[in-house]
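If you read the sequence from its start, that first residue is 1, and numbering goes on from there. Note that these values count all heavy atoms, side chains included, but never hydrogens, waters or copies made by symmetry.
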Amino acid sequence: MSLLVKGGTVVGPTGTRVADVLVEGEKIVAVLDPSFTPTVTADEVIDASGKYVIPGGIDAHTHMEMPFGGTSASDTFDTGTRAAAFGGTTTIIDFAIQRTGEVVQDGLAAWHAKTEGECHIDYAFHMILGGVDTDALKAMDQLVADEGITSFKLFMAYPGVFYSDDGQILRAMQTARANGAMIMMHAENGIAIDVLVQQALERGETDPIYHGITRPAALEAEATNRAIALAEVAQDCPLYIVHLSASQALAKVAEARDLGRNVFAETCPQYLYLTLEDQLGAPGFEGAKWVCSTPLRSKHESHARDLWKGLRSNDLAIVSTDHCPFCMKDQKEMGIGDFSKIPNGIGGVEHRVDLIFQGVVDGNISLERWVETIATTPARMFGLYPQKGIVQPGSDADLVIYDPNGTTRIGVETHHMNMDYSAYEGVEIQGRVGTVISRGEVIVADGNYHGRKGRGKFLKRGLSSYLM
């Protein structure tokens with residue numbers, strides 16, 4: 001089966017050009033000057049005139065079906081990957097989980113079982129290490145060598161659940177430095193946060209806004225700095241800070257990068273657009289919709305402006321979603337009267353490509369940086385490049401035809417995620433995902449779905465090709 005995408009503006013990390021993209025089977029075989037293509041024939045031709053042709057989005061941070069706080073994320077791998085496809089994301093990297101006392105490989109097997117026959121798009125796994133010990137360290141080597149799992153997430157937060165102390169973190173970093181893996185870090189000082197949470201509850205401060213107030217930016221910055229220091233002791237172990245939300249934490253990352261360190265970070269759309277006051281501080285219990293960790297930050301400070309600047313300067317390399325959705329009914333409502341019991345997470349896997357394109361419209365980033373942060377750099381950072389993340393011969397034919405003249409209005413009535421509300425209700429984007437192609441197959445066109453459950457493939461990843 002051959003496919004020709006004609007007349008679009010192909011956007012990559014180094015520039016744009018009008019070109020035709022020829023696909024044979026699952027691969028891109030040629031990117032052609034349009035003057036050559038009258039002689040090219042294909043089984044199907046798609047006219048992309050006036051539109052952008054970009055690599056399929058890669059969301060490097062999702063949590064489908066993740067157990068948390070006595071419930072589980074409301075999107076399954078079926079519903080979540082289908083929603084991702086509607087939004088122009090053709091690959092996700094989710095997190096398999098090992099908890100304290102569990103065998104790492106058993107955790108990975110459990111996530112393979114969850115995804116078997118369920119995914120609409122391609123997928124890979126990071127591994128959460130909730131119990132760093134000698135067996136877990138040996139498992140890191142085995143997963144890198146045999147399983148295509150080349151990144152491991154640790155937590156400085158959530159004591160008693162996922163928390164690792166500094167000694168455990170250092171040992172995991174030393175192991176990763178030896179086997180080439182990337183350490184991903186949830187950087188918040190969880191020990192101190194727990195004290196602040198308990199003190200707030202004792203004062204009767206139970207509303208959702210206190211979730212943000214008890215997780216101050218200073219404790220994100222402190223943990224980020226500590227993670228960077230531990231990575232330095234581990235001989236510059238590659239370190240990736242997840243869901244960075246605060247200016248102070250970004251400054252620590254920028255300082256390390258200025259010294260030539262292999263320190264990287266992502267942010268998420270919620271930190272670019274949503275705020276402590278307007279969302280978490282909504283009247284009554286409404287703010288529970290936006291409880292996530294790290295939390296939304298104050299609009300009276302420079303966090304969002306600094307994050308956009310960080311995306312322009314590459315101190316922030318990637319925009320992921322940390323997609324971990326919960327419904328208000330029966331899930332977020334578990335925290336009525338006690339904000340600490342609200343499940344942490346926001347759903348957004350369907351909206352990332354659009355929300356960051358709005359940053360192009362608003363002049364915050366360039367077209368090229370849009371593509372880099374949503375597709376090319378995630379592929380390079382996590383061992384999927386050049387199979388994914390670029391429109392070039394030999395790469396998978398994961399393509400999005402994006403209409404800059406279209407509009408997208410976000411809301412619960414139109415989204416495809418398994419959520420009973422939208423974190424971005426009423427937001428209007430000056431752009432629209434048109435056609436989505438996954439490995440040469442049109443899975444979304446004209447607002448209709450043409451894919452199928454189970455067509456997504458597991459991707460064994462190599463080592464990062466983004467290291468300095």
Asks: Would H112 and F458 count as a ring pair (Phe, Tyr, Trp, His ring centres under 6.0 Å) if you check the C-alpha gap in whole Å, the side-chain angles of each, and the deciding distance to 0.1 Å?
Replies: CA-CA 9 Å; H112 276 301; F458 173 69; 4.7 Å; yes
Asks: Answer with yes or no whether the side chains of S293 and N344 bring together a donor and an acceptor at under 3.5 Å.
Replies: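 N344 vs S293: donor-acceptor pair found between side chains.
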Asks: Does D446 have more than 12 heavy atoms from other residues, nucleotides or ligands lying within 6.0 Å of its CG?
Replies: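 No, the 6.0 Å shell around CG holds no more than 12 heavy atoms from other groups.
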Asks: List for me each residue that meets salt bridge (Lys or Arg N to Asp or Glu O under 4.0 Å) alongside D278, sequence neighbours excluded, and say none if there are none.
Replies: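 Residues passing salt bridge (Lys or Arg N to Asp or Glu O under 4.0 Å) with D278: K299.
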Asks: Between H120 and Y449, do the side chains contain an N or O donor and an N or O acceptor separated by less than 3.5 Å?
Replies: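 Yes, Y449 and H120 have a side-chain donor paired with an acceptor closer than 3.5 Å.
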Asks: Give, for atom CG of N364 and atom CZ of R369, the distance between the pair rounded to the nearest 0.5 Å.
Replies: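 If I round to the nearest 0.5 Å, the distance is 12.5 Å.
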Asks: Between atom NE2 of H323 and atom CE of M64, what is the distance when rounded to the nearest 0.5 Å?
Replies: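 Those atoms lie 4.0 Å apart.
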Asks: CD of Q270 to OG1 of T275: how many Å apart, nearest 0.5 Å?
Replies: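 Rounded to the nearest 0.5 Å, the CD-OG1 separation comes out at 12.5 Å.
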Asks: Looking at residues at least two apart in the chain, or sitting in another chain, which of them share a salt bridge (Lys or Arg N to Asp or Glu O under 4.0 Å) with D122?
Replies: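 Result, salt bridge (Lys or Arg N to Asp or Glu O under 4.0 Å) vs D122: K388, R439.
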Asks: Parallel under 30°, tilted from 30 to 60°, perpendicular over 60°: which one fits the rings of F77 and F125?
Replies: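 Rings of F77 and F125: perpendicular, over 60°.
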Asks: Please enumerate all residues that pass salt bridge (Lys or Arg N to Asp or Glu O under 4.0 Å) together with E425, with sequence neighbours excluded.
Replies: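 So E425 forms no salt bridge (Lys or Arg N to Asp or Glu O under 4.0 Å) with any residue.
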Asks: Do D33 and S35 pair up side chain to side chain, a donor and an acceptor below 3.5 Å, judged on atom types alone?
Replies: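 The answer is yes; a qualifying pair exists.
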Asks: For F162, which residues count as a ring-ring contact (aromatic ring centres under 6.0 Å, His included) partner, sequence neighbours excluded?
Replies: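 Checked F162 against ring-ring contact (aromatic ring centres under 6.0 Å, His included); matches are F155.
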Asks: Starting at CH2 of W111, measure out to CZ of F95 and round the result to the nearest 0.5 Å.
Replies: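 Answer for the CH2-CZ pair, W111 versus F95, is 11.5 Å.
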Asks: Can you name the one residue among V29, I437, L399 that meets side-chain contact (heavy atoms from CB on, under 4.5 Å) with V23?
Replies: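 Among V29, I437, L399, the one that satisfies the side-chain contact (heavy atoms from CB on, under 4.5 Å) with V23 is L399.
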Asks: Which donor-acceptor pairs under 3.5 Å do side chains of residues 374-384 form with protein atoms, sequence neighbours excluded?
Replies:
{"from": "T376", "atom 1": "OG1", "to": "G389", "atom 2": "O", "distance (Å)": "2.7"}
{"from": "T377", "atom 1": "OG1", "to": "E372", "atom 2": "O", "distance (Å)": "3.3"}
{"from": "R380", "atom 1": "NH2", "to": "S465", "atom 2": "O", "distance (Å)": "3.4"}

Asks: Any side chain to side chain donor-acceptor pair (under 3.5 Å) involving residues 12-25? Give me the pairs, sequence neighbours left out, ordered by first then second residue.
Replies: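 Those involving residues 12-25 are D20-T37.
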Asks: Identify the heavy atoms of V349 and A84 that sit nearest to each other, and give their distance.
Replies: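 Minimum heavy-atom contact is CG2-CB, 3.7 Å.
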Asks: Taking all non-hydrogen atoms of both residues into account, name the closest pair between D75 and N418 and its distance.
Replies: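 Looks like OD1-N, 3.0 Å.
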Asks: Consider only side-chain N and O atoms of S245 and E220, and report whether a donor and an acceptor are under 3.5 Å apart.
Replies: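 Short answer, yes.
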